[in-house]
Number of protein chains: 2
Amino acid sequence: MSTEARLELGPSSLTDALYESVRKRIVNGEIPQGEKLTEVRLATEYNVARPTAKAALERLTALGLLRRTAHKTAVVPVLDQAEIRDLFFSRMTIEKAAVSALAATGEVPVDAARAQVAIEYAARDRLFENQVEADIAFHTALVAAVGSRRLSRMHELIIGEVHLTMGQYQAHRKAAPTTVAEEHAAILKAIEDGNPDAAADHLAYHLEQAQGRLLTTLQQASDEVVAQ
Amino acid sequence: MSTEARLELGPSSLTDALYESVRKRIVNGEIPQGEKLTEVRLATEYNVARPTAKAALERLTALGLLRRTAHKTAVVPVLDQAEIRDLFFSRMTIEKAAVSALAATGEVPVDAARAQVAIEYAARDRLFENQVEADIAFHTALVAAVGSRRLSRMHELIIGEVHLTMGQYQAHRKAAPTTVAEEHAAILKAIEDGNPDAAADHLAYHLEQAQGRLLTTLQQASDEVVAQ
DNA sequence: TCGTGCACTCTTGTCTGACAATCTAAGGAC
DNA sequence: GTCCTTAGATTGTCAGACAAGAGTGCACGA
């Protein structure tokens with residue numbers, strides 16, 4: 001972590017900017033798992049007041065990107081196998097409902113199709129970070145297209161952790177971009193065909209595969225630590 | 001709203017206590033829909049600092065019990081028909097997944113059974129507030145029993161609004177306690193029988209009925225306003 | 001030598017007071 | 001009557017401070 005940092009002034013609120021900056025650094029692995037983030041550290045690094053840093057930390061905590069208990073320092077969480085399973089179970093619940101609803105209308109969300117293209121480009125250029133980014137965007141677009149504010153908010157509550165996990169294990173990840181793209185395409189196809197059950201099934205398969213890939217890399221990562 | 005208020009010192013944090021106190025007052029209708037809650041008002045009423053009040057307001061906002069945009073005063077939201085439908089669609093998604101998972105194990109959650117009893121007592125004694133409270137507890141217990149931290153967190157994200165809506169229309173509500181109890185019993189029965197599909201179906205029916213009851217009372221309430 | 005307990009430090013929770021930026025609403029000009 | 005300006009209200013952010021809880025290491029005793 002560099003001793004100085006500059007905030008983009010895009011977002012209206014200073015807290016927003018700080019939140020967004022730290023969020024990115026966590027999900028792309030720049031701030032590694034297990035790292036502690038104190039309020040004063042964040043405040044001094046970004047040159048903001050402690051309450052502002054506190055607010056940003058609380059928001060990150062709410063989205064699962066940090067863990068924090070009373071009077072204790074916030075920590076970037078390390079998700080174990082059980083938690084990854086729980087994460088994907090929850091994710092499955094939301095996204096299944098989303099694709100089913102979309103298939104009922106038969107309309108393929110344009111943002112999802114766009115993200116699908118972005119994934120292919122990123123994969124071709126070996127830009128892993130962009131690939132993860134686009135993958136998250138794809139799934140987020142699917143949920144958003146349903147038009148349910150609350151479904152999206154619930155999804156937002158867990159997708160951060162998905163992003164975190166994928167980002168943290170990025171280096172270890174055996175990229176299988178074509179596989180991912182094919183699985184995504186199958187989901188979109190089922191939506192276009194207006195087949196809710198098929199859409200849900202394809203999505204379930206895709207997420208199971210994704211979970212499996214993550215658990216494998218997680219296992220490999222822990223093996224490497226043991227081997228040292 | 002009284003000009004003075006006392007906080008119970010149960011919760012460790014002052015913010016927690018404030019949050020909990022205001023939460024109760026919102027969901028039971030003491031603070032009506034559309035009411036504005038400024039930071040200073042809350043701070044002076046409870047005799048706490050503005051930052052503390054701010055934190056409590058932010059938490060309430062996160063759970064949908066207040067609406068707040070930048071630089072604007074927090075307001076107790078008024079849910080229209082479309083939002084109630086969205087709310088129940090989201091709720092359905094979570095709770096269906098929950099009862100299906102429970103039925104797969106075949107174990108009836110004790111807390112849910114306990115809440116079921118509480119509903120009956122409250123209904124018999126005409127304690128509407130307790131009845132609502134116990135109903136929320138029943139559904140929360142179902143989700144909690146799955147043991148998925150993230151599913152529970154997502155549920156928490158929307159159940160507050162359900163509570164709010166039920167509480168706010170409490171006065172208008174035509175109580176149908178036996179009906180509710182029977183619908184709940186059917187869900188528990190299906191779980192006990194280990195039948196996930198039946199459990200999901202009974203839950204879906206129950207929530208559709210509940211939504212219908214709410215929309216009806218909502219309609220009646222708006223009619224009354226027009227008639228004035 | 002090892003374990004227990006105390007003190008110290010770090011960090012967070014909360015407070016007071018303040019200023020700037022923004023939103024709301026009231027009042028005046030046309 | 002409508003639009004614009006201006007004043008008040010409200011929130012965002014800041015600085016500095018103190019108390020309370022959590023963690024750590026050292027000293028002391030067994």
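In what follows, every chain begins at residue 1, and chains take the letters A, B, ... in the order their sequences are listed.
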Visitor: Side-chain N or O of B:T15 versus OP1/OP2 of C:dG13: is the shortest distance under 4.0 Å?
Guide: no
Visitor: So, does B:K54 get its side chain near the phosphate of D:dT11, meaning an N or O under 4.0 Å from OP1 or OP2?
Guide: no
Visitor: Test of understanding: with side chain to side chain contact (heavy atoms under 4.5 Å, CB included), list the residues that count as partners of A:V108, not counting sequence neighbours.
Guide: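 For A:V108 the side chain to side chain contact (heavy atoms under 4.5 Å, CB included) partners, ignoring immediate neighbours, are A:L188, A:I191, A:E192.
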Visitor: Rounding to a whole Å, what distance do you find between B:L37:CG and D:dT10:C1'?
Guide: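 Atom-to-atom, B:L37 to D:dT10, this comes out as 13 Å.
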Visitor: Starting at CD of A:E58 and ending at C1' of D:dT13, how long is that distance when rounded to a whole Å?
Guide: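 The answer, rounded to whole Å, is 15 Å.
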Visitor: C:dG13 phosphate, OP1 or OP2: any side-chain N/O from B:T52 under 4.0 angstrom?
Guide: no
Visitor: What is the separation between atom CD on A:E39 and atom C1' on C:dT14, rounded to the nearest whole Å?
Guide: 11 Å
Visitor: If you look at every heavy atom in A:K96 and A:L203, which pair is closest and at what distance?
Guide: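 The answer is N-CD2, 3.3 Å.
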Visitor: Please list, pair by pair, any protein nitrogen or oxygen found under 3.5 Å from a nitrogen or oxygen in nucleotides 15-24 of chain D.
Guide:
| from | atom 1 | to | atom 2 | distance (Å) |
| --- | --- | --- | --- | --- |
| D:dA17 | N6 | A:R50 | NH2 | 3.1 |

Visitor: What is the distance, to the nearest angstrom, from the CZ atom on B:R68 to the P atom on D:dT10?
Guide: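 Interatomic distance, CZ of B:R68 to P of D:dT10: 13 Å.
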Visitor: Of all residues at least two apart in sequence or in a different chain, which pass the salt bridge (charged side-chain N to carboxylate O under 4.0 Å, His left out) check with A:D80?
Guide: none
Visitor: Could you check how far CZ of B:R59 sits from C1' of C:dG13, rounded to whole Å?
Guide: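 Rounded to whole Å, this separation is 12 Å.
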Visitor: State plainly whether the residues A:E35 and A:R41 are in salt-bridge range, i.e. N to O under 4.0 Å.
Guide: yes
Visitor: Report the distance from atom CZ of B:R67 to atom C1' of D:dT11, rounded to the nearest whole Å.
Guide: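 Going from CZ in B:R67 over to C1' in D:dT11 covers 20 Å.
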Visitor: Donor-acceptor pair, B:E129 side chain versus B:G167 backbone, under 3.5 Å?
Guide: no
Visitor: Only one of A:L218, A:D86, A:L214 forms a side-chain contact (heavy atoms from CB on, under 4.5 Å) with A:Q81, so which one is it?
Guide: A:L218
Visitor: Which word best sums up how the rings of A:H139 and A:H206 line up, parallel for under 30°, tilted for 30 to 60°, or perpendicular for over 60°?
Guide: parallel
Visitor: Whole Å only: how far is the OH atom of A:Y19 from the C1' atom of D:dT13?
Guide: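 Spelled out: OH on A:Y19 to C1' on D:dT13 is 20 Å.
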Visitor: I need the OH-P distance between B:Y46 and C:dT14, as an integer number of Å.
Guide: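 So the OH-P distance, B:Y46 to C:dT14, works out to 15 Å.
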